[in-house]
Colleague: 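Take this structure, written in structure tokens, and hold onto it; I'll ask about it next.
Convention: sequence-line order gives letters A, B, ...; per-chain numbering from 1.
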Amino acid sequence: MELKYKIQGGNFNRAGYASSEVKKVLKQLNVDPKIIKRIVVALYEGEVNIVAHAFNGLATVTIDAEKIKIVLKDSGPGIPDVEKAMELGFTTASPAVREMGFGAGMGLPNMKKNSDFMEILSTVNVGTEVVLMNYFSK
Amino acid sequence: MKKTFHHAFGVDKSICVGCTHCMKVCPTQAIRIRGGKAELMANRCIDCGECYRACPVHAFKIEEDDLSAIHRFKVPVALVPAVMMAQFPDNVSTGQIYQAIHKLGFSRVFEVEQSVNFLKEKMMEYQQKNAARPLISTFCPATVRLIQVRFPALTDHFILLKPPHDLTAELVKNNLLNEGHDENEIGMFYITPCAAKIAAIKSPVGEEKSIIDGVINIDSLFNKIMYLLKNEEGISAADERTHLGADAITWSLTNGEAKHMKYTTLAIDGINNVDEFLEKLENEEINNVDFLELRACDESCAGGILCASNRFLVQGRLLRRASLSQQKTNNKSLTGKEKTEASAFLESKMTLDTIDARPVKLDEDLGTALKKMERIRELMCFLPGFDCGACGSPNCRALAEDVAQKRANISNCIFIQHTSLIDRDHAGRIIQKIWGDESLNKDCSKKGAKHEGN
């Protein structure tokens, strides 16, 4: 099953829509709440990243009986140094974004922590694609 | 073994007109219309009472014990919440109400908030000892059930302490046993402001069996007391009242618990407000709240569906009583020694077992659930998305789910009947199945029609 959610850059009020919808689906599918929690956290962080940094993006969620795969693709500034971006607390968020309580430099590390697999492909001035995978079996 | 859940609600099919009001307001989508009557889905209902409130013809019945049931016991005890005392007009004194309850046959009367001071301290200790954040109060049984059904991941946030009516019942019963009464002689009757408390007593969560023997609804008792006050001379103040402090009097009002708890606390009332907040909490969007007080009814228990008086008046009376109570010296409270003994006893009784989640899912098996989910999404392509309810399900999404679960047919949708060119007779039969034989007949006695009341 494939679910798609558009994510609009700069709209912090709507960040969390995709993760909330995916959560509702997973609950009905009888996925373990602890696994749902990890997926929701990872996807929410991914949404906030797109909202905070990119112009627009798309979350494509594929669910089968074993796993969930989430592809977050955006057009935006890209990440010049992916390794650096993965460091805890490293941030390029603007002061305005930080004032809203986002951009603490926890996003990507938190996504990594809450997924079973994560891959980042990024081209500066073009955009970023993050692939997340979580398995349902305990 | 699968446990069945007891619900205090029933639909009186002779009164139900099969309108969609209840179905539309149900926060867990537990109602369908079949044969022109509302039907409840037991595994989804959380006993919040929104259906009861919304019903324009009062077709929902709430079971209660008949007052005569108290005579089965030699020592019938009335456990009365403070909101009950606040149902009456200002010229009726609390003492008169006590006296009237005695006249109705109860040998003892106690206000259930007596144990609030004890509970308050234990809740604060609980907060110090437990790392889960936010901790969620178990005071309101409807919100506890909402979490069990809709937010399974939050069930380990509950404060596993019994509510005041349970604790007071334990204490009162223990005192009566100490006085020499036999266990079988004592009948504990709780006077309830809502259906959720009835369900919590008849089918408790977090404990094996409730200590309460029977339940009487506030509105029924209110009527009986009012009748006595109007028709019998010499109902004066009784003398056995225990003094309640301000914290106890306001405990069942909104913010009654939250104001005593530490750090960031929130008090949320109204089942839809609670649902909206829990959704955000479960989404991990909220992470700085330490304590949540959740109440299903607007203005908490003052707004209980069985209350006889307006919720704002009830709230006002309780607040006035609380401010008077602060000025009064407490001449009937327990002495130091009695208090320590009572606390020690309650401590042995106060804990609830774990409260399990019982989520509504499409299927136990993930693969099958996934297939059903795909079917639902496919069906949604065809349904109009108007959420009119004419199919007998609360909205298009619910109909799609009912179809996937084989509880309904896609042709229940009147728009699908139109687009798929079902003939008039066939469509008529479908409508009749959902809405009953007579609901489309001319009826001038219905509510709002020209001979209403005939």
Colleague: For B:K24, is the NZ atom crowded, meaning more than 12 foreign heavy atoms sit under 6.0 Å from it?
Modeller: yes
Colleague: Between the main-chain N or O of B:A408 and the side-chain N or O of B:N412, is there a donor-acceptor pair closer than 3.5 Å?
Modeller: no
Colleague: With chain A as the partner, which of B:I376, B:V360, B:L362, B:T368 has the greatest number of non-hydrogen pairs under 4.5 Å?
Modeller: B:L362
Colleague: Given the options B:K372, B:K280, B:E285, B:E279, which has more heavy-atom pairs under 4.5 Å with chain A than any of the others?
Modeller: B:E279
Colleague: Given that the side chain runs from C-beta out, which part of A:L3 has a heavy atom under 4.5 Å from chain B: side chain, backbone, both or neither?
Modeller: both
Colleague: Kindly compute the distance separating CG (B:L278) from NE2 (B:H157), expressed to the nearest 0.5 Å.
Modeller: 10.5 Å
Colleague: Taking everything shown except B:K259 itself, do over 12 heavy atoms lie less than 6.0 Å from its NZ?
Modeller: yes
Colleague: Which atoms of A:K27 come close to chain B, meaning under 4.5 Å heavy atom to heavy atom: side chain ones, backbone ones, both, or neither?
Modeller: both
Colleague: Is A:E83 atom CD crowded by more than 12 heavy atoms from other residues, nucleotides or ligands, each under 6.0 Å away?
Modeller: no
Colleague: Applying a heavy-atom distance below 4.5 Å, give me the residues of residues 41-77 of chain A that approach chain B, sorted by number.
Modeller: A:V41, A:Y44, A:I63, A:D64, A:A65
Colleague: Which answer fits B:D363, side chain, backbone, both or neither, if we ask what part of it has an atom under 4.5 Å from a heavy atom of chain A?
Modeller: backbone
Colleague: Please classify the contact of B:E401 with chain A as side chain, backbone, both or neither, using a heavy-atom distance under 4.5 Å.
Modeller: side chain
Colleague: Apply the side-chain contact (heavy atoms from CB on, under 4.5 Å) test between B:L294 and each candidate in B:D269, B:N273, B:T143; give the one that qualifies.
Modeller: B:T143
Colleague: Centre-to-centre under 6.0 Å for B:F415 and B:F386, is that the case here?
Modeller: yes
Colleague: If you count heavy atoms of other groups shown closer than 6.0 angstrom to NZ of B:K371, is the number above 12?
Modeller: no
Colleague: Indicate whether any N or O donor in one side chain lies under 3.5 Å from an N or O acceptor in the other, for B:E257 and B:S137.
Modeller: yes
